[in-house]
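Owing to the predicted nature of the structure, the values given are computational and were not obtained by experimental measurement.
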Amino acid sequence: MELRARFTEEMKASMKAGDSARTSAIRMIIAKSKDADIAARPGPPLDDTALVGVLRGMVKSRRESVEMYRQGNRPELAEKEEAEIAVIETFLPQQMDDAAMKAAVDAAVAETGAASIKDMGKVMGVLKAKYAAELDMAKAGPLVKAALGG
């Protein structure tokens, strides 16, 4: 099912269930996706792959906020952010485990013929093209660097 349709269906279900926190988080997701569509104009609305990137960005910013709230001794705000992360992650595809990620990195290195750290951009490009949805590029970077002897 297309992500936007899932957003709508999940929002309807959470509203019927009376889950106001989940409903609020899904409304926030829908608003962020509309903002991203507006930013992409005059082009077409974002596809699911681009929306996954938007969702990952939302999770990243919330994780940073959780850390800040914990440092600021605001556990109630940190818990709210963590609850939003949990809702957002339900829409993200399953992430690769470490072994699959290492195999993907090795395959991309072999495919590009990368020999040194100077070729890291080529390898990362191949990884992003093939595995954008299920691969966390922030975790893949250090693996690529290690594979290229950096």
Side-chain angles (χ1 to χ4, degrees), residues 1-109 117 120-148 150:
M1 179 187 295
E2 183 183 310
L3 268 177
R4 291 177 201 277
R6 272 190 63 206
F7 297 157
T8 305
E9 292 302 315
E10 292 285 332
M11 187 170 68
K12 288 178 188 176
S14 68
M15 289 172 78
K16 286 180 182 175
D19 188 349
S20 62
R22 184 170 174 81
T23 302
S24 174
I26 295 172
R27 282 185 175 143
M28 177 190 52
I29 291 168
I30 292 170
K32 185 70 173 176
S33 67
K34 287 181 182 177
D35 286 346
D37 285 342
I38 290 169
R41 284 183 184 164
L46 299 179
D47 62 357
D48 280 0
T49 304
L51 281 176
V52 165
V54 169
L55 293 174
R56 285 193 204 287
M58 292 174 71
V59 168
K60 181 181 178 190
S61 69
R62 274 158 189 71
R63 286 203 172 115
E64 292 167 357
S65 296
V66 165
E67 191 176 311
M68 299 293 274
Y69 289 142
R70 295 238 186 264
Q71 289 174 1
N73 199 22
R74 298 294 306 267
E76 70 283 356
L77 293 175
E79 289 169 11
K80 180 180 181 284
E81 295 287 329
E82 287 170 338
E84 289 176 358
I85 289 170
V87 172
I88 295 166
E89 285 180 338
T90 62
F91 296 104
L92 290 173
Q94 185 67 35
Q95 291 290 295
M96 283 185 173
D97 62 2
D98 291 339
M101 193 181 309
K102 175 114 176 69
V105 167
D106 291 342
V109 168
I117 198 71
M120 186 170 174
K122 292 179 192 174
V123 176
M124 294 298 282
V126 168
L127 288 173
K128 189 169 186 174
K130 285 187 174 181
Y131 307 106
E134 62 268 0
L135 182 68
D136 184 354
M137 299 307 282
K139 290 180 182 176
L143 289 175
V144 172
K145 203 173 203 177
L148 296 176

So, taking the atom named [atom1] in [X] and the one named [atom2] in [Y], what distance separates them when rounded to the nearest 0.5 Å?
X	Y	atom1	atom2	result
D47	R4	CG	CZ	9.0 Å
L3	D48	CG	CG	4.0 Å
I88	M28	CD1	CE	4.5 Å
I30	D35	CD1	CG	12.0 Å
M137	K128	CE	NZ	6.5 Å
E9	E2	CD	CD	12.0 Å

Crowding at CD, E76 (>12 non-hydrogen neighbours, <6.0 Å)
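It does: E76 CD has more than 12 such atoms within range.
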
Restricting to non-hydrogen atoms, name the atom on [X] and the atom on [Y] that form the minimum distance, rounded to 0.1 Å.
X	Y	answer
A147	V105	CB-CG1, 4.1 Å
G141	M120	O-CE, 3.4 Å
A100	D97	N-OD1, 2.9 Å
L148	V123	CD1-CG2, 4.4 Å
A140	L127	CB-CD1, 4.3 Å
A104	Y131	CB-CE1, 3.6 Å

Hey, does [Y] have a side-chain heavy atom less than 4.5 Å from the side chain of [X]?
X	Y	result
K139	Q95	no
L143	D98	no
E67	E64	no
K122	V144	no

Verify side-chain contact (heavy atoms from CB on, under 4.5 Å) between F91 and I26, making sure each step is shown before the conclusion.
CA-CA 10 Å; F91 296 104; I26 295 172; 4.2 Å; yes

Using the salt bridge (charged side-chain N to carboxylate O under 4.0 Å, His left out) rule, take K102 and D106 through it: C-alpha gap first, then chi angles, then the decisive distance, then the call.
CA-CA 6 Å; K102 175 114 176 69; D106 291 342; 3.4 Å; yes

Who pairs with E89 by salt bridge (charged side-chain N to carboxylate O under 4.0 Å, His left out), at least two apart in sequence or on another chain?
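With neighbours one apart ignored, the set is R63.
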
Using the side-chain contact (heavy atoms from CB on, under 4.5 Å) rule, take M68 and L77 through it: C-alpha gap first, then chi angles, then the decisive distance, then the call.
CA-CA 10 Å; M68 299 293 274; L77 293 175; over 6 Å; no

Output side-chain donor-acceptor pairs under 3.5 Å for residues 79-87, partner residues at least two apart or in another chain, one line each.
from : atom 1 : to  : atom 2 : distance (Å)
K80  : NZ     : E84 : OE2    : 3.0
E82  : OE1    : R70 : NH2    : 3.0
E82  : OE2    : R70 : NH2    : 2.8
E84  : OE1    : R62 : NE     : 2.8

Any pair with a residue in residues 15-29 that passes side-chain hydrogen bond (donor to acceptor under 3.5 Å, both in side chains), sequence neighbours left out, goes on the list, sorted by first then second residue, please.
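Passing the test, one end in residues 15-29: E10-R22, S14-T23.
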
Run the numbers on M11 and T8 for side-chain contact (heavy atoms from CB on, under 4.5 Å), then give the verdict.
CA-CA 5 Å; M11 187 170 68; T8 305; 5.5 Å; no

